[in-house]
There are 2 protein chains.
Amino acid sequence: MLAKTPHPLAPLVDKLEYAHVLSEEDRAAVLALPHSLKALEPHSYIVREGDKPTSSCLLRNGFAFRHKVVGDGGRQICSIHMKGDMVDLQNSLLGYADHSVQALTRIEVAFIPREAIRQIAFDRPAVGMAMWFDTLVDGSIFREWITNVGRRKARLRLAHLLCEFSLRLEAAGLGKRDDYTLPMTQEQLADCTGLTSVHVNRTLRGMDADGLLTRTNRSVTVSDWKKLAKVGDFRSAYLHLREDQLEIVQ
Amino acid sequence: MLAKTPHPLAPLVDKLEYAHVLSEEDRAAVLALPHSLKALEPHSYIVREGDKPTSSCLLRNGFAFRHKVVGDGGRQICSIHMKGDMVDLQNSLLGYADHSVQALTRIEVAFIPREAIRQIAFDRPAVGMAMWFDTLVDGSIFREWITNVGRRKARLRLAHLLCEFSLRLEAAGLGKRDDYTLPMTQEQLADCTGLTSVHVNRTLRGMDADGLLTRTNRSVTVSDWKKLAKVGDFRSAYLHLREDQLEIVQ
DNA sequence: CGAGCGTTTGATCGGTGTCAAGGATCGTGG
DNA sequence: CCACGATCCTTGACACCGATCAAACGCTCG
């Protein structure tokens, strides 16, 4: 194990340690999981609704999102994923994909057989607990999104989404919370928030005009993060990040 | 074990067997979990946002719901729970309640210490897998709710919610899908769907006028379930029920 | 330099929210 | 048994947020 390049599954270890630090043997067991690597272009599908996947997919870098399509063709994005996320535990363990997962940017992934996941989860309780914990945090984020989309107005929704994104990026070591790259189009932001792209545009421009943030290309610069969090009715508890991942959040 | 009354934890066994049938020993181990029983009046809280619960709560009968409150006082209900649901795995395993859980009707619950849950989950992989599966199904329902609230119009949202409710009731053995008791006020329906109670009222009356359903008191009678499912853009896959729990659904 | 995608802006429409008041139902106590 | 209050349902009038339609503009990458 004296390879210079990081181990392909290293991001998974990092993510699982969000909850609790793992022992050296547990870490080694995770890294020893069987897997196959693959790179995917933007827009390509990892899973399509209706598939019956038998592998779970670890996102090694880049961004991906889950979405559902409704009867009239409308699309709802249910979550955004980044480095270290097990993007498809849900579909593979449940056996039937009730939604699609798609690459947002160019991504590198590792497919891990479902059975290997099950096995390590029960052979190594600490790993199993970390995975369970992870799916519970996913659930917590889903609840917050239900609330965001159901009960907040356009500006709050967007501010909230941007706050969530910034903290998760920071926790994953991918940027500063008040200055980061947002790899999404306004249409995708709209599909996250249940709005239209036109309204997202107007709302973002309004926030820009009010000095809340600046958007150039795909990057976001927040002038006053706490102010944005206040506007977005954002409290970070639901992300269940460790204290030291949050630092000086209110 | 020759008691005539069913075991207090029997509903949990039934629920866990939604996924896969358990062995006799696994069943016995679940029933042997330490627990304390309690009855709660409508509106009473099982957990409040901000609590740090150390027990999980099994709903033995009656109905409960999770909700979050936003900055302006608005409330969003994130899920409805019924007999057999572990209503608070999420909060207790995560250690911090990011939302509240409240009794909808009069309920009977059993509190099970978090540690006992962890232990059985890893001592008995089949039980652990069933619990994990259950939290994944919860996640799947959350995603559908995000989609419902984010991308469907009022009538579809309500029709969808009523369809979900009817199938879950049927699967739990609590009613027929086209004729059941709905223990919710219109305001609570509004908080599930991100609407206002006034609009819920108008929409339900409209559906009634169009012959889709009849509501008297708290009961719902669906004249043509498949038609309602079509109106509500409802496909049952996301509930991940077994074939034999669904019977003749499209 | 042109094509394609994403952004920006304007005009108008419509679904849902808001405010307000009256009606139905049910449990409770006199 | 009736009266009363509380809660929930129903309905109307009106306001407004965000959707829709349409067109121009600006990147970015062949």
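So that the names make sense, note that chain A is the first sequence line, chain B the second, and so on, each numbered from 1.
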For this session: List the protein contact pattern of nucleotides 14-23 of chain D with one symbol per nucleotide (5' to 3'): B for base contact, S for sugar-phosphate-only contact, - for none; contact means a heavy-atom distance under 4.0 Å.
Result: ----BSBB--

Exercise. Which nucleotides of nucleotides 24-30 of chain D have their base under 4.0 Å from a protein heavy atom (B), which only their sugar-phosphate (S), and which neither (-), written as one string 5' to 3'?
Worked result: ----S--

Would you mind reading off the distance between [X] atom [atom1] and [N] atom [atom2], rounded to a whole angstrom?
X      : N      : atom1 : atom2 : answer
B:L158 : C:dT16 : CG    : C1'   : 12 Å
B:R218 : C:dT25 : CZ    : P     : 13 Å
A:L182 : C:dT7  : CG    : C1'   : 14 Å
A:R215 : C:dT8  : CZ    : C1'   : 12 Å
B:Q188 : D:dC9  : CD    : C1'   : 14 Å
A:L204 : C:dT8  : CG    : P     : 8 Å

Exercise. Is a side-chain donor-acceptor pair under 3.5 Å present for B:D138 with B:Q90?
Worked result: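 The answer is yes; a qualifying pair exists.
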
Exercise. Would you say the side chains of A:Y238 and A:E164 form a donor-acceptor pair under 3.5 Å?
Worked result: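 The criterion, which ignores hydrogens and geometry beyond distance, is satisfied for A:E164 and A:Y238.
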
Looking at [X] and [Y], what are the two nearest heavy atoms and their distance?
X      : Y      : value
A:S92  : A:S55  : CB-O, 3.3 Å
B:S197 : B:A190 : N-CB, 3.5 Å
B:N148 : B:H160 : OD1-CB, 3.5 Å
B:V69  : A:R235 : O-NH2, 3.9 Å

Report, one line per pair, each donor and acceptor closer than 3.5 Å where one atom sits in a side chain of residues 207-214 of chain B; sequence neighbours left out.
{"from": "B:D210", "atom 1": "OD2", "to": "B:R155", "atom 2": "NH1", "distance (Å)": "3.0"}
{"from": "B:D210", "atom 1": "OD2", "to": "B:R155", "atom 2": "NH2", "distance (Å)": "2.9"}

Between [X] and [N], is there a side-chain N or O to OP1/OP2 distance below 4.0 Å?
X      : N     : value
A:Q186 : C:dC5 : no
A:N201 : C:dT7 : no
B:R205 : D:dC9 : no

Problem set entry | Test item: A:V109 and A:L58 side chains (from C-beta on) under 4.5 Å apart, heavy atoms |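 The answer is no; the side chains never approach within 4.5 Å.
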
Problem set entry | Side-chain heavy atoms of B:H43 within contact of B:Q102, under 4.5 Å | yes

For this session: Give me the bend of the helix from C:dC1-D:dG30 to C:dG30-D:dC1, using the axes of the five pairs at each end, rounded to 10°.
Result: 40°

For this session: Only pairs at least two apart or in different chains count here, so list each salt bridge (Lys or Arg N to Asp or Glu O under 4.0 Å) that has a residue in residues 73-85 of chain A.
Result: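 Counting only pairs at least two positions apart or across chains, the salt bridge (Lys or Arg N to Asp or Glu O under 4.0 Å) contacts touching residues 73-85 of chain A are A:K15-A:D85, A:R75-A:D191, A:D85-A:R168.
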
Exercise. Of the options A:Q76, A:E49, A:R66, which is the one that meets A:H99 in a side chain to side chain donor-acceptor pair (under 3.5 Å)?
Worked result: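 Checked A:Q76, A:E49, A:R66 against A:H99; only one passes side chain to side chain donor-acceptor pair (under 3.5 Å): A:R66.
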
Exercise. Would you call the rings of A:H240 and B:Y96 parallel, tilted or perpendicular if under 30° counts as parallel and over 60° as perpendicular?
Worked result: perpendicular

For this session: Before accepting this row, confirm whether a basic side-chain N of the pair A:R177/A:D179 lies closer than 4.0 Å to the acidic partner's carboxylate O.
Result: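 Not counted as a salt bridge, because no side-chain N and carboxylate O are separated by less than 4.0 Å.
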
Exercise. Where along residues 65-78 of chain B does a heavy atom fall under 4.0 Å from DNA chain D?
Worked result: none

For this session: Evaluate whether atom CD of B:E187 has more than 12 neighbouring non-hydrogen atoms of other residues, nucleotides or ligands under 6.0 angstrom away.
Result: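 No - once you tally the heavy atoms of other residues, nucleotides and ligands closer than 6.0 Å, there are 12 at most.
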
